[in-house]
Amino acid sequence: MDREVTLDHLYIDGALMQGQTETKSGKNITKVMEKELVIYNLEEKEKAAIERSQIFQVLGGKELETKVVVVLGKAGMGKSILVQKICQDWSNGKFSQFEFVFWFECRRLSLPEKQYSLKDLLLELFVKPREGSDEVFEYILQNPDKVLLIFDGFEELQDHDGFTHYSDCQSYKELYSIRELFAGLFQKKILSGCTLLLTARPKDKFNQYLSKVDKIIEMIGFSPQQVESYIARYFEGLPYSDDAVKLITDCQYLFSHCYSPVMCRFICFLCEMMFEMGDKDLPSTLTSLFVKYLQQKLIPTQTDVTAIGNQQHITRLAQLAWYLGEKNQNALKSSLFPSKEVKEFALKYGLVLPFTFPKHSGNREEEFGSVFSDFVIQNFLSALHLVLTEEIKDKSLTKYLSLPARKKKPHNWLDLVPRFLPGLLYLQHDPYLCSLSDEHVMKIITKKQKTLLKYIKKIQISDLYPEKLLELLHCVYETQDSYLLQHVALRLKAELSFLGTLLTPPDVYVLHFILKRSPKEFSLDLRNSGINLQGLKHLVGLKSVTSFRASLSDTVRLWESLEQTKEYELLKISVEKFGIDPFKAETMKDISDLSDLVRVQEKMIHCMEDAFGCNINEIPAIKNLRKLEFALDALSENEIGDEGTKSLCEVLSELTSLETLNLYNNYICDAGAENIARILPAMASLRVLHVQCNKITDAGAQKLTDSLRKCPHIKSVASLAINLQAILKLCEPDSDLAYTELNQNYNPTDGSVTNTSVGKIALISW
Ligand SMILES: Nc1ncnc2c1ncn2[C@@H]1O[C@H](COP(=O)(O)OP(=O)(O)OP(=O)(O)O)[C@@H](O)[C@H]1O
């Protein structure tokens with residue numbers, strides 16, 4: 001590509017976050033528990049943000065043990081650029097704890113058949129000191145803490161399973177395969193005390209090792225502000241700079257894709273080419289963007305004769321892209337090209353880059369080859385192959401969309417194929433694509449398009465998992481076919497939950513695009529989706545979205561920002577649509593977020609009174625909150641404790657419609673019980689209270705019981721394990737409360753326990 005990022009000019013200090021993992025049970029029964037990255041909301045993202053200089057700061061860990069730091073980011077998020085930047089920083093005197101930095105591109109290490117010693121890996125394979133390599137190696141062995149080893153692109157390491165199980169590699173003298181050497185380093189068996197920095201794509205092969213690393217850094221791409229500064233820098237000094245910036249920022253779909261640095265670069269490049277040629281229409285889909293990109297790249301330099309040759313080369317290169325992609329590869333030796341001409345063509349237009357395979361200790365010759373310039377190009381060409389080839393049709397075609405399958409394919413090497421494939425099938429009349437196909441191929445494409453249409457029509461859209469639904473939305477968006485768009489829009493469920501599903505800016509765009517076309521009404525659950533503020537604003541402003549849930553702190557931020565920008569109409573709409581019932585608090589932070597919501601309520605009410613003259617006392621989210629739980633499931637132990645209870649009680653009196661309060665299993669002691677007892681009379685709508693499995697003794701129970709007597713509105717206090725003696729002591733014989741353990745009823749008057757509940761029942765346990 002013509003304008004490549006230089007580490008100083010176009011480099012944007014992208015957001016780095018310290019990642020955390022959580023254990024998630026698999027989505028189907030057979031799947032085991034797996035570690036996944038926690039999805040942060042806006043506030044958490046800010047808290048987790050770290051500087052590049054902090055990457056190697058690892059808390060805990062034994063002093064003389066290897067530290068393993070992993071940088072996770074989707075393809076094109078800038079992991080390799082970050083690695084280069086770290087090396088540049090080091091050469092400028094930063095990270096001075098390291099005297100040696102070794103940087104390996106994993107794709108160059110994918111040589112399963114060859115064997116190396118640790119010394120070969122460090123001082124033979126890629127760099128070789130002119131003299132004294134024995135002394136250097138000895139020094140490294142003596143000072144492992146001064147060594148940083150970087151392995152970039154873990155997913156490109158072939159044959160990588162079981163790195164945590166193999167222990168063969170214990171000696172630095174023996175010869176091992178790269179896989180064994182890596183396992184030895186990763187398991188901290190050789191060169192123990194060094195620092196390992198790995199980069200990998202998330203949700204890929206690395207997930208199984210997440211629990212073994214000391215620090216996780218996440219790269220989530222550019223924020224909208226960072227995109228703007230990248231674009232401004234890219235066009236700086238060009239006569240059409242302002243127009244180009246405006247063109248991209250106005251084209252919301254492409255702008256949404258710019259959160260990915262690699263896409264941002266493509267979009268800027270294409271925009272630059274178009275301005276140079278006097279064309280000012282940016283394409284509206286990813287597929288047309290890349291068709292235009294190819295066209296722009298090839299056309300300016302070609303004559304009629306070369307055009308025909310180029311068309312053939314593209315087709316054969318597409319086949320190669322697919323062939324390698326299927327094997328999770330992007331590099332190939334020169335001999336694998338179908339012809340010298342195809343190789344020269346691909347190199348000339350920057351579709352592949354030169355690449356040298358490392359020399360083997362037995363054979364000192366380097367082998368030359370090529371690597372696809374980036375994953376987007378390889379994906380696009382792969383999809384082009386699927387469209388043009390006669391070999392793949394019907395089911396073997398639609399399986400590459402893999403929409404209804406429950407499980408995501410384990411690798412995401414060709415992740416963009418399901419978007420480019422439908423896009424290309426529906427662009428069959430594009431002049432450039434026509435130039436790649438004769439009449440026979442055109443017929444094949446028409447048939448494939450029909451297959452796709454039939455396939456999508458059969459999908460039970462309401463049964464799709466959120467990730468698959470998003471994939472379908474991208475797929476139909478790429479077709480830009482009004483029938484398909486309408487078909488999907490009409491079949492979406494009214495309740496759309498993206499709870500726990502990452503929503504990137506392009507995901508939000510296509511969701512918005514389709515919801516806008518639907519005559520139906522939707523309720524959206526956007527909690528724990530990592531949605532950004534702009535995305536939240538766009539979705540909740542939609543007429544077809546009648547209610548939504550989202551992280552409390554994100555929503556409060558949205559309201560405050562709308563208030564600041566004086567977008568009162570949208571503020572009113574979003575306040576009216578927001579709901580939180582039932583509210584399940586999982587941490588104390590959730591309670592403080594609830595307090596913030598209560599706190600901001602007054603401000604919002606005033607704001608709406610001023611703007612619209614409406615007279616309301618409470619915002620609907622609070623007015624309609626009936627159930628508050630501080631309980632996850634029977635197995636989890638929440639630790640709200642007495643301190644937490646205090647904060648909770650401060651907010652409870654404001655929740656005027658609360659009917660159920662569940663504080664099961666929360667380490668609440670007598671002090672906490674006293675706080676609850678104090679607030680109960682003020683909670684006029686409360687009907688059910690769960691306080692079982694806490695640490696409340698008779699004294700606390702007494703306070704609660706006294707308070708409950710003043711609360712005739714409370715009908716049930718639930719318990720699983722009743723302390724009958726405590727209750728017996730506390731209860732008056734003429735009390736009209738009955739007490740129950742599990743589903744048995746204890747009658748304090750005659751001491752009998754029966755299995756049926758009659759009349760007014762209270763279930764109490766401390
Ligand atoms: N911080 C940045 N500032 C400016 N441009 C960037 C930045 N990070 C990435 N880019 C652009 O995105 C392109 C892709 O980045 P990079 O190769 O580092 O991604 P990656 O995460 O290593 O991808 P992959 O997983 O495919 O290896 C770079 O060539 C560069 O043009």
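Just so you know, ligand 1 is whichever comes first in the structure, and atom 1 is the first atom listed for that ligand.
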- Any K85 heavy atom less than 4.0 Å to ligand 1: no
- Task: Give a yes or no on whether a salt bridge exists between E46 and R557, defined as a side-chain N under 4.0 angstrom from a carboxylate O.
- Result: yes
- Less than 6.0 Å separating the ring centroids of Y116 and Y176? no
- Atoms of ligand 1, numbered as shown, that sit under 4.0 Å from any heavy atom of R265: 29 (O), 31 (O)
- Measure F222 to ligand 1 on non-hydrogen atoms and call it side chain, backbone, both or neither using the 4.0 Å cut-off. side chain
- Message: Out of Y230, Y11, F154, who is nearest to atom 5 (N) of ligand 1 when you count heavy atoms only?
- Response: Y230
- Does G76 come within less than 4.0 angstrom of ligand 1, counting non-hydrogen atoms of the residue? yes
- Message: Please give me the minimum heavy-atom distance between Y209 and F154, naming the atom from each residue.
- Response: CE1-CZ, 3.7 Å
- Kindly state whether the ring of F222 and the ring of Y259 have centres lying under 6.0 angstrom apart. no
- Item | For I12, atoms of ligand 1 separated by under 4.0 Å from a heavy atom | 1 (N), 2 (C), 3 (N), 4 (C)
- Query: Charged N to carboxylate O under 4.0 angstrom, D281 versus K292?
  - Reply: no
- By number and element, which atoms of ligand 1 are closer than 4.0 Å to a non-hydrogen atom of K74? 21 (O)
- Item | Working for side chain to side chain donor-acceptor pair (under 3.5 Å), residues Q88 and K85 | CA-CA 5 Å; Q88 189 194 42; K85 203 68 191 164; 3.0 Å; yes
- Residues T356 and R108: side-chain donor-acceptor under 3.5 angstrom: yes
- Query: Side chain, backbone, both or neither: which part of L10 has a heavy atom under 4.0 Å from ligand 1?
  - Reply: backbone
- Message: Using a 4.0 Å cut-off to any heavy atom of M77, which atoms of ligand 1 qualify?
- Response: 19 (O), 21 (O)
- Item | D415/R201 ion pair, N-O < 4.0 Å | no
- Note on the structure: Nearest non-hydrogen contact to atom 14 (C) of ligand 1 from the set V262, L72, N330, V83 belongs to V262
- Please indicate whether any nitrogen or oxygen in R201 is less than 3.5 Å from any nitrogen or oxygen in ligand 1. yes
